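The block underneath contains the structure these notes are about, expressed in structure tokens.
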Amino acid sequence: MRRREFLKSLSTGLAASALPVNGSAAPRMSNLSPNHRNVLLISVDDMNDWTSGLGGYSGVVHTPNLARLAAKGVEFTNAHCASPVCNPSRTAVFTGLRPSTSGIYNNWQPWAPQLPNAETLFVRFCAEGYRVTGLGKVWHHRKGYSPPSQFHDFLDEGPPPYGTPRPKPEWQGIKHKGHMLGTVSFSWGAWPREGKEEDHPDVRIAKRAAEFLKDPTEEPFLFAVGFHKPHTSWHVPQKYFDLYPLDTIRLPETKADDLDDIPLQGLELAGIRGWDHGDLMKAGMWSAAVRAYLATISFVDDQLGTVLDALEDGPHADNTLVVFWSDHGFHLGEKEHWHKSTLWEESTRLPFIIAGPQIRGGSRCDRPASLTDLYPSLLDLCGLKPLSKLDGRSLKPLVDDPNRTWDYPAITEMKRGQTAIRSGRWRYIRYDNEADLPYRVDSSYSHFGNEELYDHGADPNEWENLAADPAYRDMKEELARWIPRDPAPEAPEENAYVFDGDAYIWKLKRDH
């Protein structure tokens with residue numbers, strides 16, 4: 001069966017036939033060699049370094065399939081996001097452009113009208129003769145953020161229909177409607193309350209991906225699979241909670257005066273979601289929340305296992321490059337913060353694995369890596385022509401030799417002008433004190449200027465801000481030279497546009 005008919009047979013509703021790319025028919029086979037590499041991109045949402053390979057959690061964490069994948073490739077142990085927010089992070093991954101280049105800094109800025117001529121990762125691989133297919137959460141999951149021009153086929157497995165009974169949460173935080181499951185965005189509990197485990201969106205995504213990988217087509221493909229979890233809400237089957245008895249949970253290490261040396265802007269960024277820590281502490285739910293997050297990580301790991309089983313047992317095992325990544329990290333009470341949206345280690349560090357044919361398995365690389373490097377790395381690893389206009393750089397030299405000299409740090413941006421530089425040992429943060437943030441704290445609380453500097457060799461928890469110590473002036477200057485100059489202005493937000501869903505076109509309103 002031809003791939004197009006195969007995919008149509010799998011899909012329901014939103015699967016597309018061969019769709020145009022940038023307004024023209026997607027090309028067929030090009031001059032790819034018979035030894036081409038297929039690409040399987042597997043992403044998760046909000047997964048931090050609490051995996052068995054990265055050791056971010058001080059207790060036992062069950063992620064055997066991540067360990068299994070790492071055993072077949074290179075695990076980057078010092079990998080970081082381009083932005084600790086979903087939309088700008090994913091935009092950076094797929095366009096190869098940092099927020100300071102694209103102008104995409106938050107979740108409500110549609111990338112397509114801002115970057116109408118962007119040659120995304122998907123468009124580039126289409127042009128090289130690959131069949132490009134998406135499944136699940138790939139781009140940011142908001143209406144209009146995943147143009148059909150990006151894929152030949154898109155297989156959508158979203159949340160259950162609104163008639164499906166919702167899981168009963170053990171905990172509900174601030175009660176505002178989330179856009180993923182149609183329930184409160186910070187809650188957890190066993191799934192399902194009614195129905196079957198296979199109704200869970202991520203289970204359906206894993207099964208759909210497995211069917212795709214069983215197709216014996218010889219046509220080269222790039223297949224992007226995006227799981228929703230461990231993004232909140234943390235509703236997964238009870239058996240994953242059972243992996244982590246409540247009395248075995250270890251809380252993150254904290255320091256009572258940890259925030260006393262944080263600049264005002266750092267406090268304001270963290271304050272955007274600061275209420276959750278207070279709510280959890282008052283309710284005595286910190287351990288329960290950590291348990292729910294761990295359960296959700298293990299749940300997603302199982303879905304990864306379903307995909308890897310299908311790949312290894314199918315016809316593409318020997319010629320498929322597998323990349324696993326999370327869009328950013330996640331706080332679970334460190335620095336009195338939950339979720340992401342900060343420039344500290346917990347928000348930026350993430351799992352990142354590249355595995356596949358001709359890659360030495362079981363390798364670990366502690367050199368700084370950025371998700372912005374993913375696009376140029378795939379071009380290089382697949383033997384395709386490099387693009388000079390990308391902000392990232394190919395990690396292929398590190399895939400070939402994880403211990404080689406590497407002088408490039410990872411750059412993370414949160415809001416315009418707020419930047420973290422992460423080297424092999426140091427984290428340097430500089431804030432723009434003029435930035436307009438939605439949360440304000442008493443300006444008399446902090447007098448530490450607009451910088452943070454942490455020595456991860458001595459202070460992995462980032463408890464001691466060394467920025468005010470003159471002994472580290474040279475180190476700050478060395479790291480500061482990587483801060484992007486003249487960052488792009490903020491892109492217009494959704495309310496500045498009218499979106500035509502039929503034509504899939506964003507039009508600026510006249511008053512903008």
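Fair warning: this is a prediction, and the values are worked out from it, not measured in the lab. Residue numbers run from 1 in the order of the sequence given.
Partners of F223 according to the ring pair (Phe, Tyr, Trp, His ring centres under 6.0 Å) rule, which considers only residues two or more places apart in sequence or in another chain, are F212. In this view, D327 and R90 satisfy the salt bridge (charged side-chain N to carboxylate O under 4.0 Å, His left out) rule, not counting sequence neighbours. For Y293, the ring pair (Phe, Tyr, Trp, His ring centres under 6.0 Å) partners two or more places apart in sequence, or in a different chain, are W50, W234, F330.
Using a 4.5 Å heavy-atom threshold, the side chains of L381 and L395 count as separate. Annotation: side chain of F76 is in contact with side chain of V74 (closest heavy-atom distance under 4.5 Å).
If you check the side chains of Y244 and S298, you find a donor sitting under 3.5 Å from an acceptor. D391 and T101 are linked by a side-chain donor-acceptor pair at a separation below 3.5 angstrom, with hydrogens and angles left out of the test. In this structure, a donor-acceptor pair under 3.5 Å is absent between the side chains of T372 and R393.
Checked against the 6.0 Å centroid criterion, the rings of F122 and F94 qualify as a close aromatic pair. Residues H62 and Y240 place their aromatic rings such that the two centres sit no closer than 6.0 Å. The aromatic ring centres of H141 and H228 sit less than 6.0 Å apart.
When each of L66, V322, T51 is checked for a side chain to side chain contact (heavy atoms under 4.5 Å, CB included) with I353, only L66 meets the rule.
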